[in-house]
Student: 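For reference, the structure I am asking about is given below.
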Amino acid sequence: GSEAASEQGQEEEVEDRLKEHMDSLLDKSAKARQAALQSLRLALSSKTLSEFLLERRLTLTDSLEKCLKKGKGEEQALAGTVLTLLCLQMGSGPEGEEVFRSLKPLLVSVLTDSTASPSARQSCAMALGMCCYIAAADLE
């Protein structure tokens with residue numbers, strides 16, 4: 001019984017940290033947003049969090065959209081990576097498709113922006129390809 005309670009406590013702790021990171025994506029400081037994106041990248045690449053993310057995908061998608069629109073260089077690159085991981089976590093169902101469909105125009109915009117940093121463009125190209133492969137319902 002105590003092992004299950006301990007595991008439940010750890011799960012809640014992880015979710016609380018993730019909520020803090022998601023809140024930090026809206027911080028005025030670019031450094032704080034980048035740190036939050038790095039933490040989210042680490043969390044999404046090391047643990048399956050689909051249940052947690054399912055409830056918060058719209059919030060996270062909105063925050064990533066802001067990072068892609070207003071951020072520069074490293075922040076855009078990290079946002080593209082986190083978006084790719086979010087798509088992977090959401091899978092090929094309607095949720096993953098919704099995330100992809102909402103951010104696809106922005107990914108294309110950063111990708112085709114010759115003034116965007118090479119790392120941001122590369123990250124958006126990777127996100128576009130991966131998310132399209134995983135979540136695009138339209139075969140085109």
Side-chain angles (χ1 to χ4, degrees):
S2 67
E3 268 186 43
S6 170
E7 200 171 298
Q8 177 77 24
Q10 285 177 333
E11 190 75 28
E12 287 172 9
E13 195 177 305
V14 166
E15 288 182 3
D16 287 344
R17 275 200 311 266
L18 285 169
K19 288 175 193 170
E20 286 173 26
H21 298 318
M22 288 171 68
D23 289 343
S24 296
L25 290 178
L26 301 174
D27 200 287
K28 286 189 190 288
S29 159
K31 276 198 183 331
R33 292 191 307 269
Q34 285 181 16
L37 285 165
Q38 287 172 331
S39 298
L40 285 168
R41 181 187 66 191
L42 188 64
L44 295 178
S45 61
S46 60
K47 192 170 171 71
T48 303
L49 301 159
S50 8
E51 289 295 315
F52 173 82
L53 293 170
L54 204 53
E55 301 167 11
R56 294 164 185 83
R57 74 183 181 283
L58 297 177
T59 305
L60 186 51
T61 303
D62 287 347
S63 298
L64 290 173
E65 181 178 340
K66 286 180 178 84
C67 290
L68 284 167
K69 274 185 183 173
K70 297 184 173 137
K72 299 284 179 237
E74 181 68 16
E75 184 178 347
Q76 288 178 314
L78 284 165
T81 302
V82 171
L83 173 60
T84 302
L85 293 167
L86 176 62
C87 242
L88 280 167
Q89 293 265 352
M90 290 293 96
S92 62
E95 295 85 6
E97 185 185 337
E98 178 186 356
V99 168
F100 173 60
R101 192 175 45 244
S102 67
L103 288 178
K104 179 184 171 194
L106 196 52
L107 290 172
V108 171
S109 170
V110 174
L111 178 60
T112 57
D113 179 359
S114 60
T115 63
S117 79
S119 64
R121 293 175 75 186
Q122 182 268 330
S123 180
C124 287
M126 177 72 84
L128 194 59
M130 287 296 289
C131 293
C132 187
Y133 180 73
I134 294 163
D138 182 10
L139 293 176
E140 290 283 317

Student: Can you tell me how far apart CG (L53) and CE (M90) are? Round to the nearest 0.5 Å.
Tutor: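 Here the rounded value is 4.5 Å.
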Student: So, for L68 and V110, which heavy atoms are closest and what is the spacing to 0.1 Å?
Tutor: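 Taking every non-hydrogen atom into account, O-CG2, 4.1 Å.
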Student: Any chance you could measure L44, atom CG, to L88, atom CG, to the nearest 0.5 Å?
Tutor: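 L44 CG to L88 CG: 9.5 Å, rounded to 0.5 Å.
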Student: Does S24 have any side chain to side chain contact (heavy atoms under 4.5 Å, CB included) partners at least two apart in sequence or in another chain, and if so, which?
Tutor: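 Here the qualifying residues are A36.
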Student: Test of understanding: with side chain to side chain contact (heavy atoms under 4.5 Å, CB included), list the residues that count as partners of L128, not counting sequence neighbours.
Tutor: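 Applying side chain to side chain contact (heavy atoms under 4.5 Å, CB included) to L128 gives F100, K104, L107, V108, L111.
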Student: At their closest point, which heavy atom of A135 faces which heavy atom of C87, and how far apart are they?
Tutor: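 Looking at all heavy atoms of both residues, the closest pair is CB-SG, 4.2 Å.
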Student: Between S50 and T48, do the side chains contain an N or O donor and an N or O acceptor separated by less than 3.5 Å?
Tutor: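 No, T48 and S50 have no side-chain donor paired with an acceptor closer than 3.5 Å.
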Student: So which heavy atom on S123 is nearest to which on T81, and how close?
Tutor: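 Between these two residues, the closest heavy atoms are OG-N, 3.3 Å.
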Student: Got K47 and E11 here, is their nearest side-chain heavy-atom distance under 4.5 Å?
Tutor: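 They are in side-chain contact.
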Student: Taking E51 first and then R56, would you say they form a salt bridge - that is, a charged N and a carboxylate O separated by under 4.0 Å?
Tutor: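 No, E51 and R56 are not salt-bridged.
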Student: How long is the span from the NZ atom in K19 to the CZ atom in F52, to the nearest 0.5 Å?
Tutor: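 So the gap between those two atoms works out to 6.0 Å.
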Student: Determine, using the 4.5 Å side-chain heavy-atom cutoff (strictly less than), whether L18 and L26 are members of one ILVMFWY cluster.
Tutor: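 No, L18 does not connect to L26 through the hydrophobic network.
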Student: Hey, any chance L103 and L58 share a hydrophobic cluster, counting ILVMFWY side chains that come within less than 4.5 Å of each other, even indirectly?
Tutor: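 Per the 4.5 Å side-chain linkage, L103 and L58 are not co-clustered.
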Student: Count the heavy atoms belonging to other residues, nucleotides or ligands that lie under 6.0 Å from CE of M22, then report whether that count exceeds 12.
Tutor: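 More than 12 within 6.0 Å, yes.
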Student: If two hydrophobic side chains count as joined below 4.5 Å and joins carry through other members, does Y133 share a cluster with L86?
Tutor: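 Hydrophobic grouping puts Y133 with L86.
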Student: Please name the pair of heavy atoms, one in C67 and one in A79, separated by the smallest distance, quoted to 0.1 Å.
Tutor: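 Smallest interatomic distance, heavy atoms only, reads CB-CB, 3.9 Å.
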Student: Quick check: closest heavy atoms across A120 and G73, and the distance to 0.1 Å?
Tutor: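 For A120 and G73, the tightest heavy-atom pair comes out as CB-O, 3.7 Å.
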Student: Please report the C-alpha distance between D113 and R121 in whole Å, then the side-chain angles of each, then the deciding distance to 0.1 Å, and finally whether the side chain to side chain contact (heavy atoms under 4.5 Å, CB included) criterion is met.
Tutor: CA-CA 8 Å; D113 179 359; R121 293 175 75 186; 5.7 Å; no
Student: Looking only at heavy atoms, what is the nearest atom pair of L78 and Q34, with distance?
Tutor: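 Reported closest heavy-atom pair: CD1-O, 3.7 Å.
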Student: Nearest 0.5 Å please: distance from the CD atom of E75 over to the NZ atom of K69.
Tutor: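 Here the rounded value is 13.5 Å.
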Student: Working to the nearest 0.5 angstrom, can you tell me the gap between S117 OG and Q76 CD?
Tutor: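 Separation between the atoms: 6.5 Å.
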Student: Can you tell me how far apart CG (L64) and CG (L83) are? Round to the nearest 0.5 Å.
Tutor: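 Reported to 0.5 Å precision, the distance equals 6.0 Å.
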Student: Would you sort out whether L25 and L40 count as a side chain to side chain contact (heavy atoms under 4.5 Å, CB included), showing the intermediate values?
Tutor: CA-CA 10 Å; L25 290 178; L40 285 168; 3.6 Å; yes
Student: Can you get from V82 to L42 by hopping between Ile, Leu, Val, Met, Phe, Trp and Tyr side chains that sit under 4.5 Å apart?
Tutor: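 No, separate clusters.
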Student: A side-chain contact here means heavy atoms from C-beta on lying under 4.5 Å apart; do K66 and R33 qualify?
Tutor: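 Heavy-atom side-chain distance check fails, nothing below 4.5 Å.
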